[in-house]
Protein chains: 2
Amino acid sequence: MQQKLRGCRASKNREEVLKVLEHQSCPVTAEEIYNLVKEEIPTVSLSTIYRIIEKLISLEIVNKATTLDDNRARYELVRETHKHYMICTKCRKMIPIDCCPIEEFENKVAVETGFNITGHKFELYGECKACAEKSKKA
Amino acid sequence: MQQKLRGCRASKNREEVLKVLEHQSCPVTAEEIYNLVKEEIPTVSLSTIYRIIEKLISLEIVNKATTLDDNRARYELVRETHKHYMICTKCRKMIPIDCCPIEEFENKVAVETGFNITGHKFELYGECKACAEKSKKA
DNA sequence: TTTGTTATTGCAAATGATTTGCATTTGCAT
DNA sequence: ATGCAAATGCAAATCATTTGCAATAACAAA
């Protein structure tokens with residue numbers, strides 16, 4: 001991680017944001033990051049979190065993602081293999097999906113359309129097991 | 001369209017919103033709808049547009065979509081065959097893609113995970129032809 | 001270690017999209 | 001025509017995110 005931070009000062013806040021992000025298995029909101037960082041550094045402010053995230057995004061260390069009908073952005077570390085998620089429309093839980101059906105499709109579309117494709121976004125929506133149980137009982 | 005509107009009153013504003021949406025080939029923002037409706041009904045207010053959209057979504061006549069690092073929601077009519085888009089990261093233009101690689105994948109994931117999948121969202125990002133030309137010249 | 005430059009920070013206020021309260025108007029069933 | 005609930009316009013509220021500014025901290029150079 002560190003080697004990418006050229007031109008930046010190693011602030012305590014940023015170190016802590018990175019530590020928090022490393023422990024996440026699903027994308028988190030700025031406020032969630034804020035609350036987790038605050039446990040270690042109580043004086044941190046939310047705007048600082050936003051500025052750190054902004055910088056990490058510009059360094060391509062962090063990804064921003066928005067989710068259908070949730071109007072807050074979520075962030076996650078850029079990893080070697082990117083992930084997709086199933087999102088429960090009831091409890092909003094995000095469950096990672098292992099594989100990605102898009103990559104080969106991208107090539108096909110690129111050839112057919114001449115569009116220079118650089119990325120994609122893909123999410124599945126539905127009801128998770130736990131919520132399905134609940135609605136059966138009710 | 002009309003038959004779905006049970007329990008609702010046929011207001012002029014809603015008729016006009018539906019008419020506007022029928023003429024779109026790509027999802028539009030609330031403000032874009034507002035401006036188009038205002039051409040016919042100058043007294044309409046933006047909050048009314050938001051309320052009409054909300055109702056149309058709950059009736060499953062309209063879909064809401066958010067797009068990568070664009071913080072305004074976009075709306076489109078639910079159609080028999082759903083569409084996906086390529087989005088140019090430079091000019092923000094949305095170009096419809098004909099086919100959908102997700103549907104068969106959905107079934108596979110459903111079986112493997114027990115997740116009851118009801119829908120998905122999928123977008124491609126890249127540079128459109130026009131923007132590619134421009135950056136070559138520069 | 002001290003010093004100077006500049007990135008980083010906290011705070012409060014600004015912004016932009018969307019939502020809501022409320023009093024008024026309208027559609028439609030009776 | 002009458003009454004009631006849905007729909008509306010307006011202004012104010014809300015929520016996530018951004019920004020201005022003055023104070024602080026990191027780090028390179030002396």
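Lettering of chains follows the sequences in order, A, B, ..., and the numbering in each one begins at 1.
Using N1 to N3 plus N6-O4 or O6-N4 for Watson-Crick, or N1-O2 and O6-N3 for G-U wobble, each under 3.5 Å, D:dA26 pairs with C:dT5.
For B:Thr29 and C:dA17, the shortest distance from a side-chain N or O to OP1 or OP2 is not below 4.0 Å. Close to C:dT26, at under 4.0 Å from its OP1 or OP2, lies no side-chain N or O of B:Ser11. Between C:dG10 and A:Thr43, a contact under 4.0 Å exists linking OP1 or OP2 to a side-chain N or O. Listed pair B:Asn71 / C:dA17 fails the phosphate criterion, with no side-chain N or O lying under 4.0 Å from OP1 or OP2. Contact between the side-chain N/O atoms of A:Lys12 and the OP1/OP2 oxygens of C:dT8 is not found at any separation under 4.0 Å. The side chain of B:Ser45 places an N or O atom within less than 4.0 Å of a non-bridging phosphate oxygen (OP1 or OP2) of D:dG9. Of the side-chain N and O atoms in A:Arg9, none sit less than 4.0 angstrom from OP1 or OP2 of C:dT6. Using a 4.0 Å cut-off, some side-chain N or O of A:Thr48 falls inside it from OP1 or OP2 of C:dG10. At D:dT17, one or more side-chain N or O atoms of A:Tyr50 fall inside 4.0 Å of OP1 or OP2 (strictly under the cut-off).
Proximity of a side-chain donor or acceptor of A:Thr48 to a complementary backbone N or O of A:Val44 within less than 3.5 Å is not detected. A donor-acceptor pair under 3.5 Å links the side-chain atoms of B:His84 to the main chain of B:Phe122, judged by distance alone.
In the set D:dT19, C:dT20, C:dT8, C:dT8 carries the atom at the smallest distance from any side-chain atom of A:Arg14. Between C:dA12, C:dT8, D:dA16, one nucleotide has an atom nearer to the side chain of A:Glu31 than all others, and that is D:dA16.
If you take CZ of B:Arg74 and C1' of C:dA17, they are 13 Å apart, rounded to a whole angstrom. The OH atom of B:Tyr34 sits 16 Å away from the P atom of C:dT19 (whole-angstrom rounding).
Using modelled atom types and a 3.5 Å distance limit, the side chains of B:Glu127 and A:Thr118 yield no donor-acceptor pair.
Not a single donor-acceptor pair, N or O on each side, falls under 3.5 Å between the base of D:dT8 and the side chain of B:Arg51.
Salt bridge B:Glu16/B:Lys19: present, at least one basic N to carboxylate O contact under 4.0 Å.
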